[in-house]
Amino acid sequence: MPRSGAEARRRLQRAALELYQERGFDQTTTAEIAARAGVNERTFFRHFPDKREVLFDGEADLRAALTEAVADAPDGLAPLETLLCAFRKAGRILEENRPFSEPRLAIIAVTPALRERDLAKAASLTEAVAQALQQCGVADRLAGLAAQAGWAAFHHAAQAWIDDPSQGLDAHLLRAFEDLRILSATALPTKAQSERRHRRS
């Protein structure tokens, strides 16, 4: 039996990931997760309100990392540059937890109920980031748009990192934000120019 609350929580998360991969999310029960983890079902509910939340346990840490990084960004940065600093800091959390992050994203991608929860969590995090930008003096309208664009770039980079682990998440983040800058240019580069730029990066 797990000897501490933290150990039980980790065992429950590992057990849930294993079962979701083996059987699928919808076919797995909380009782089965608890049994695989070596605890009773009551222990499961002491740690998680439902079986979906096992996959979203890091939201509070991610929110804190993002909002603190926005607040601590150097003065004078444009909003997107501030967000790049923030998401690079948050990205380190994902990289440190890649054994959990990679299967988690794959499970969410094929499970409608989890995609819905993921969208709700993303909206909440985006709002928190927008509020952090507003507190730094960014106008409300621009803060909201920047936060949404930044989150989209972060999500894009995270998926690229899962698909191509030969580069770290930080490299994919830098590329995604550079692509945002390119999209805002008056003239888009040709496909050949873009490919040459990516080969150099």
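What's counted below: heavy atoms across the whole structure, side chains too, no hydrogens, waters or symmetry copies. Numbering starts at 1 and runs along the sequence shown. Just so it is clear, the model here is predicted, and its values are computed rather than measured.
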*Does N97 use its side chain to pair, donor to acceptor, with the backbone of I93 at less than 3.5 Å?*
yes
*With no hydrogens and no angle check, is any side-chain donor or acceptor of E32 less than 3.5 Å from a backbone partner on T29?*
yes
_With side-chain contact (heavy atoms from CB on, under 4.5 Å) as the test, pick out the partner of Y20 among D26, I107, I108._
I107
*Test item: side-chain donor near acceptor, Q135 and Q131, under 3.5 Å*: no
_Donor-acceptor side-chain pairing of R104 and S101 below 3.5 angstrom_ = no
*asked:* List the residues meeting salt bridge (Lys or Arg N to Asp or Glu O under 4.0 Å) with R115, not counting sequence neighbours, and say none if there are none.
replied: none
Considering only heavy atoms from C-beta outward, does the side chain of [X] approach that of [Y] to under 4.5 Å?
X    : Y    : answer
R98  : P165 : yes
W161 : E102 : no
R11  : V39  : no
W151 : L83  : no
T30  : F48  : no

Rounded to the nearest 0.5 Å, what's the gap from [atom1] on [X] to [atom2] on [Y]? Could you check?
X    : Y    : atom1 : atom2 : result
F45  : K51  : CZ    : NZ    : 10.0 Å
D179 : H172 : CG    : NE2   : 12.0 Å
L114 : L105 : CG    : CG    : 11.5 Å
R14  : R36  : CZ    : CZ    : 12.0 Å

Minimum-distance pair of heavy atoms, taken over all atoms of [X] and [Y]:
X   : Y    : answer
L77 : C85  : CD1-SG, 3.9 Å
L12 : I33  : O-CG2, 3.7 Å
V54 : F100 : O-CZ, 3.7 Å

*Can you tell me if CG on D50 sees more than 12 non-hydrogen neighbours from other groups inside 6.0 Å?*
yes
*How about E95: does its CD atom have over 12 heavy atoms from other parts shown lying under 6.0 Å from it?*
yes
*Could you point out which residue of R88, K89, R92, R175 forms a salt bridge (charged side-chain N to carboxylate O under 4.0 Å, His left out) with D170?*
R88
*Are the charged groups of R181 and E178 less than 4.0 angstrom apart, N to O?*
yes
For residues 56-74, dump all side-chain donor-acceptor pairs below 3.5 Å to protein atoms at least two apart in sequence or in another chain.
| unit_1 | atom_1 | unit_2 | atom_2 | d |
| --- | --- | --- | --- | --- |
| D57 | OD1 | R9 | NE | 3.4 |
| D57 | OD1 | R9 | NH2 | 2.4 |
| D57 | OD2 | R9 | NE | 3.3 |
| D57 | OD2 | Q13 | NE2 | 3.0 |
| E59 | OE1 | K121 | NZ | 3.0 |
| E59 | OE2 | R63 | NH2 | 3.1 |
| R63 | NH2 | S124 | OG | 2.6 |
| T67 | OG1 | R63 | O | 2.9 |
| T67 | OG1 | A64 | O | 3.3 |

What side-chain donor-acceptor pairs closer than 3.5 Å can you find for residues 140-150, not counting sequence neighbours?
none

*Under 30°, 30 to 60°, or over 60°: which ring-plane class applies to F87 and F177, parallel, tilted or perpendicular?*
tilted
